[in-house]
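Everything numeric here is computed off the predicted structure, so don't read it as measured data. Counting convention: from 1, in listed order, for ligands and their atoms alike.
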Amino acid sequence: MKLHPAFLLIVMAFACASEKPQPQPAIIPQPLQMEATPGFYRLNEKTRINYDTGLENEAGLLVKYIAFKTGLKLEMIPDRNQQNVIRLELSDLVDTPEGYILQVEGHEIWIKAQTTAGIFYGIQSLRQLIPFQKGETVKIPAVKISDEPRFPYRGMHLDVCRHFFDVDFIKKMLDAMAAHKLNRFHWHLTEDQGWRIEIKKYPELTRIGAWRNSTLIGHASDRPEKFDTIRYGGYYTQEQIKEIVEYAAERHITVIPEIEMPGHAQAALASYPWLGCFDQKVEVWNKWGVSENVYCAGKESTFDFLENVLSEVADLFPGEYIHIGGDECPKANWEKCPHCQSRIKNERLENEHELQSYFIQRIERFLNSKGKRIIGWDEILEGGLAPNATVMSWRGEEGGIAAARQQHDVIMTPNDICYFDHYQAGPEGEPLAIGGMTTVEDVYGYEPVPEVLNQSEQKYILGTQANVWTEYIPTPEHAEYMIFPRLCAMAEVCWTANEKKEYSDFMKRLKAHETILDLLGLNQ
Ligand code: ACM
Ligand code: ZN
């Protein structure tokens, strides 16, 4: 049979099509520029990881990621002149601090970046391109990616006080954050319901303050109130804290500890009653809400205590920030306390709001003297903002907007979008939550830079984060269920340029990405 020339043309067109660019790979967060090119790199046992000096940590992690996905155990070699390599190279070609270029070609793969962080993010993208497939040869589709983050601050917060989460779980979350190119872990370590960080100078904080005798059952609004009468608690030793800080640093995540003051302090007062206004004996709290048992702002001993605590904290956490809370501090005790009232008089303060501002400013001065900066929740605007403070806006965006207008750095975490303790669906069929409704689509649609700010004010918005409060989240599995996949959407809000964001496209990529979440052992 003789073939018609037109038919041959069609066959040739098909042959070419198979060499044509594949569909764009599904990477979350979506890179700035990505072009799928024809062909594959064939990963095999002879592939070597070749890295510049200073990239041993990143190369080592890449070896582990590849072994996990393919079973191939690759060797690392510092020698440049090798074939069949994945090459990690520090290069001025990339001019943004966390940006990278990743190229997968037929004969090699290379990642270039100005910094180790950029290389690490290139590796995270490559990791998503490698199929989960055991075998002698694993094909990675060719692609060119040039990428950088939209925001420098890309975070997740975790409350380990209402419920305690162990070191293994924290590491698992850090791994998941790193996989999504998030770089700030805000660790909420002290609360009314539990003090979770060992402080050598004040052992009662963990001997007494880390344990409560009972916990509320059901929702805080349920009546009558019911309690489980089970002793509950836990804390991190300083050795464990160092281990976590180091684990995070290897993954280019800075840990920001939060030591709450002047409110949310009942566990500290349970440990040392002299920290309160009336030296009254209280218990570590067994309910959810906002306790009136706050630090006395009048006594010097309160500041001595906090400075000693913060000195130990500053030594444990190398990052620039310490979060000092500042939210939800009821003033009822201060109004009646002679120490607080004489402080107001002697410092010529107008009222208790200015007393709170005095408190925060004094702590800020101390921490600045230790080379640290403070972050506080947006209540720290009340009574006057501490001069160098960064504001975390949670009661909507108004606090963040006001702070940016005062030329203060801002992290936007408005609760209607960024609080992952809200329902994500249902609420029928969903586990009990605090309330609210924040779907994946709500998170995805978030724009952290308010239009009402002018361009010079907008640059004070450093980024955003998910906040995971755990009153209603008692177990690791439950926490994962609340965090994923909403954190994937948040990662894209943090990283991806606005013009590259599209919800329907994200949802398609999320389908493929679910396999990755499964591989990370995350309950979605
Ligand atoms: C907060 O949710 N109280 C910061
Ligand atoms: Zn007082």
Side-chain angles (χ1 to χ4, degrees), residues 155-159 161-162 186-193 220 256 258-266 268-269 272-280 282 285 288-306 323-347 349 351-352 354-356 358-360 362 375-382 390-400 410-422 433-436 438 464-473:
M156 187 179 97
H157 147 291
L158 182 67
D159 165 13
C161 301
R162 274 53 176 266
H186 170 177
W187 204 3
H188 187 80
L189 285 165
T190 73
E191 255 305 338
D192 295 319
Q193 295 86 359
I256 300 174
E258 181 179 355
I259 308 297
E260 271 267 22
M261 63 192 76
H264 290 282
Q266 186 162 323
L269 271 58
Y272 297 102
W274 46 266
L275 289 168
C277 285
F278 310 113
D279 296 10
Q280 210 182 339
V282 292
W285 216 21
W288 314 134
V290 177
S291 162
E292 294 201 339
N293 293 304
V294 305
Y295 290 114
C296 177
K299 296 183 214 166
E300 277 304 291
S301 50
T302 303
F303 291 95
D304 292 342
F305 167 84
L306 286 171
H323 198 306
I324 49 74
D327 60 318
E328 299 180 319
C329 178
K331 310 293 190 291
N333 287 357
W334 291 3
E335 283 163 10
K336 290 178 281 184
C337 168
H339 308 286
C340 287
Q341 289 306 312
S342 58
R343 175 84 72 194
I344 287 177
K345 191 156 156 276
N346 296 342
E347 297 290 333
L349 305 171
N351 53 30
E352 286 72 23
E354 287 198 3
L355 181 57
Q356 154 129 357
Y358 164 89
F359 196 115
I360 301 294
R362 188 165 164 180
I375 305 181
W377 299 107
D378 58 55
E379 285 92 331
I380 67 168
L381 281 147
E382 292 162 11
T390 294
V391 170
M392 192 167 266
S393 191
W394 73 279
R395 296 174 302 175
E397 293 188 322
E398 290 70 26
V410 171
I411 296 138
M412 283 294 191
T413 65
N415 60 68
D416 55 344
I417 305 259
C418 297
Y419 275 38
F420 286 11
D421 54 343
H422 290 172
I434 194 165
T438 304
T464 180
Q465 72 179 19
N467 288 344
V468 184
W469 301 101
T470 59
E471 288 92 334
Y472 301 93
I473 304 180

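Protein heavy atom in closest approach to atom 3 (N) of ligand 1: D327 OD2, 2.6 Å. Residue, atom and distance of the protein heavy atom nearest to atom 2 (O) of ligand 1 are Y419 OH, 2.7 Å.
For the pairing with D378, the side-chain contact (heavy atoms from CB on, under 4.5 Å) check across V391, V410, D327 returns one residue only, V391. Screening H157, H323, Q465 for a side-chain contact (heavy atoms from CB on, under 4.5 Å) with I256, the sole residue that qualifies is H323.
Checked against a 6.0 Å centroid threshold, the rings of H186 and W377 count as neighbours.
W285 and E191 form no side-chain donor-acceptor contact under 3.5 Å, judged by distance and modelled atom types alone.
Taking any N or O of W394, backbone or side chain, none lies under 3.5 Å from an N or O belonging to ligand 1.
If you number the atoms of ligand 1 from 1 as listed, the ones under 4.0 Å from a heavy atom of W469 come out as 1 (C), 2 (O), 4 (C). Counting the atoms of ligand 1 from 1 in the order shown, those under 4.0 Å from a heavy atom of E328 are 3 (N).
Vertex the Zn ion (ligand 2); arms to C340 SG and C277 SG; angle rounded to 10 degrees, 110°.
Side-chain contact between Q341 and E352: present, with at least one pair of heavy atoms (C-beta onward) separated by less than 4.5 Å.
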